[in-house]
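Inspection log for the structure reproduced underneath, given as structure tokens.
This is a predicted model, so every value here is computed, not measured.
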Amino acid sequence: MAKGFVQCGVTSGVPGMSQPDANNNWSGLEVDFCRAVAAAIFDDPDKVRYTPLTSQERFVALSAGEVDILSRVTTWTMSRDTDMGISFTGVLYYDGQGFLVRENDGIASALELDGKTVCMEADTTTELNVAEYFAANGMEFTPVTFVDKPEVLKAYEDGRCDVLTSDGSQLAADRTKFANPSDHVLLPETISKEPLGPSVRQGDQQWFNINRWVYFALLEAEELGVTQANIDEMLGSDNPAVKRLLGVEGDFGTPIGLPVDWGYRVIKHIGNYGESFDRNLGESSPIGLPRGLNALWNKGGLQYAPPIR
């Protein structure tokens with residue numbers, strides 16, 4: 001609050017998650033989260049500055065205070081949550097690792113990848129998952145690793161590897177960057193659980209609470225039918241849960257150091273979780289992903305927010 005903006009650690013460019021345009025304006029599901037936090041604090045979603053980070057840089061940057069939030073396609077694991085001095089605030093996207101191959105190679109299953117060369121990012125859960133999957137299925141492979149995503153994609157495009165592996169959402173985004181996206185196919189197997197979410201440094205409970213409840217507010221708004229378009233009308237709702245979310249009833253801001261209308265600010269500027277998902281990753285976006293596990297709990301998915309009360 002003193003410096004007047006939120007410093008957000010993001011990718012160097014993953015469409016749908018965090019990606020700059022030609023004018024260095026960032027967008028994506030993970031960018032929307034940082035913008036939501038800024039909206040809650042400053043009533044201005046543009047009070048965010050972005051720091052592109054490689055997989056190797058991300059945790060050091062967060063621990064060192066170079067960024068306030070790490071919102072960069074990062075999997076929540078036990079070791080990261082307990083050994084690195086960081087805390088994950090929620091699962092922004094339930095994902096799983098997959099494989100992308102060239103259609104002309106005629107590969108229909110990941111079980112047909114024995115002996116193939118596989119491109120991936122270094123220092124990620126991706127490396128461990130591939131090694132475990134191939135070993136478990138009695139297959140061999142040659143890993144080709146790079147520090148940053150653009151290097152990985154170039155190596156695959158240049159034919160230095162047969163297979164590209166990453167989280168499924170990233171592979172769908174990566175495919176949009178190729179000259180002929182339809183020449184590349186996602187294999188049906190998902191070989192891991194990759195709960196992707198933002199994280200903050202340990203040791204500041206208030207900052208953790210702000211981030212966690214901004215995430216929950218995005219989900220709660222969708223469940224309650226509160227949208228960016230109808231939020232002013234919803235201020236007059238008789239639903240107690242809507243009143244609490246929007247700050248009409250009770251004070252759920254002071255305990256976390258925010259104004260009473262922090263939830264209203266978030267949805268007014270960003271929209272609810274479903275709106276953010278649809279415009280960044282949804283079936284009508286260039287990425288074209290279904291909600292799947294990221295649907296709300298009452299729609300067959302895993303997204304679930306504790307009540308604001």
Have Gln97 and Thr165 got a donor and an acceptor in their side chains that come within less than 3.5 Å?
yes
Could you tell me whether the side chains of Thr54 and Gln56 share a donor-acceptor contact shorter than 3.5 Å?
no
Connected-component partners of Val147 among ILVMFWY, side-chain separation under 4.5 Å:
none
Could you identify which residues cluster with Trp297, counting Ile, Leu, Val, Met, Phe, Trp and Tyr as linked when any side-chain heavy atoms lie under 4.5 Å apart, either directly or through a chain of such contacts?
Tyr304
Quick one: which residue pairs count as a side-chain hydrogen bond (donor to acceptor under 3.5 Å, both in side chains) with a foot in [range], not counting sequence neighbours?
range: residues 173-184; value: Lys149-Asp174, Tyr156-His184
range: residues 37-46; value: Arg35-Asp46, Asp43-His269
range: residues 233-244; value: none

For the backbone of [Y] and the side chain of [X], can you confirm whether one donor and one acceptor N or O come within less than 3.5 Å of each other?
X: Glu275; Y: Asn272; result: yes
X: Arg201; Y: Leu62; result: yes
X: Tyr94; Y: Ala295; result: no
X: Ser192; Y: Glu194; result: no

Basic-acidic side-chain contact under 4.0 Å: Glu30, Arg58:
no
Contacts of [X] that satisfy side chain to side chain contact (heavy atoms under 4.5 Å, CB included) - sequence neighbours left out:
X: Gln7; result: Lys3, Phe5, Arg49, Thr51, Val67, Asp68
X: Ala217; result: Leu245, Trp262
X: Thr77; result: Thr75, Ser79, Arg80, Thr125

Residue pair [X] / [Y]: nearest heavy atoms and the distance that separates them:
X: Pro15; Y: Ala173; answer: O-CB, 3.2 Å
X: Thr145; Y: Glu127; answer: CG2-OE2, 3.5 Å
X: Val48; Y: Pro45; answer: CG2-O, 3.5 Å
X: Pro240; Y: Glu249; answer: CB-OE2, 4.2 Å
X: Ala108; Y: Leu187; answer: C-CD2, 3.9 Å
X: Ser87; Y: Gln202; answer: OG-CG, 3.1 Å

What pairs meet the salt bridge (Lys or Arg N to Asp or Glu O under 4.0 Å) rule with one or both residues in residues 290-309, with sequence neighbours excluded?
Glu222-Arg291
Considering the options Leu196, Val14, Thr126, Asp95, which one meets the side chain to side chain contact (heavy atoms under 4.5 Å, CB included) requirement together with Gln170?
Val14
Under 4.5 Å between any side-chain heavy atoms of [X] and [Y], yes or no?
X: Val101; Y: Lys116; answer: no
X: Ile308; Y: Phe216; answer: no
X: Tyr215; Y: Leu219; answer: yes
X: Leu281; Y: Met17; answer: yes
X: Leu113; Y: Tyr133; answer: no
X: Ile287; Y: Asn280; answer: no
X: Asn211; Y: Ile69; answer: yes
X: Arg160; Y: Phe146; answer: yes

Quick one: ring-ring contact (aromatic ring centres under 6.0 Å, His included) pairs with a partner in residues 15-46, sequence neighbours left out?
Trp26-Tyr50
Would you please name every residue forming a ring-ring contact (aromatic ring centres under 6.0 Å, His included) with Phe141, sequence neighbours left out?
Phe134
Sequence neighbours excluded - disulfide bond (SG atoms under 2.5 Å apart) pairs with any residue from residues 263-309:
none
So if I apply the side-chain hydrogen bond (donor to acceptor under 3.5 Å, both in side chains) rule between Asp32 and each of Ser18, Ser71, Ser276, which one comes out positive?
Ser276
Are Leu289 and Leu92 grouped together when hydrophobic residues (ILVMFWY) are joined by side-chain heavy atoms under 4.5 angstrom apart?
yes
Do the side chains of Val214 and Val31 join up, straight or via other hydrophobic residues, at under 4.5 Å, putting them in one cluster?
no
Between atom CZ of Arg102 and atom CD1 of Ile107, what is the distance when rounded to the nearest 0.5 Å?
9.0 Å
Between Asp21 and Ser27, is a side-chain contact (heavy atoms from CB on, under 4.5 Å) present by the stated rule, with each step listed?
CA-CA 8 Å; Asp21 63 16; Ser27 64; over 6 Å; no
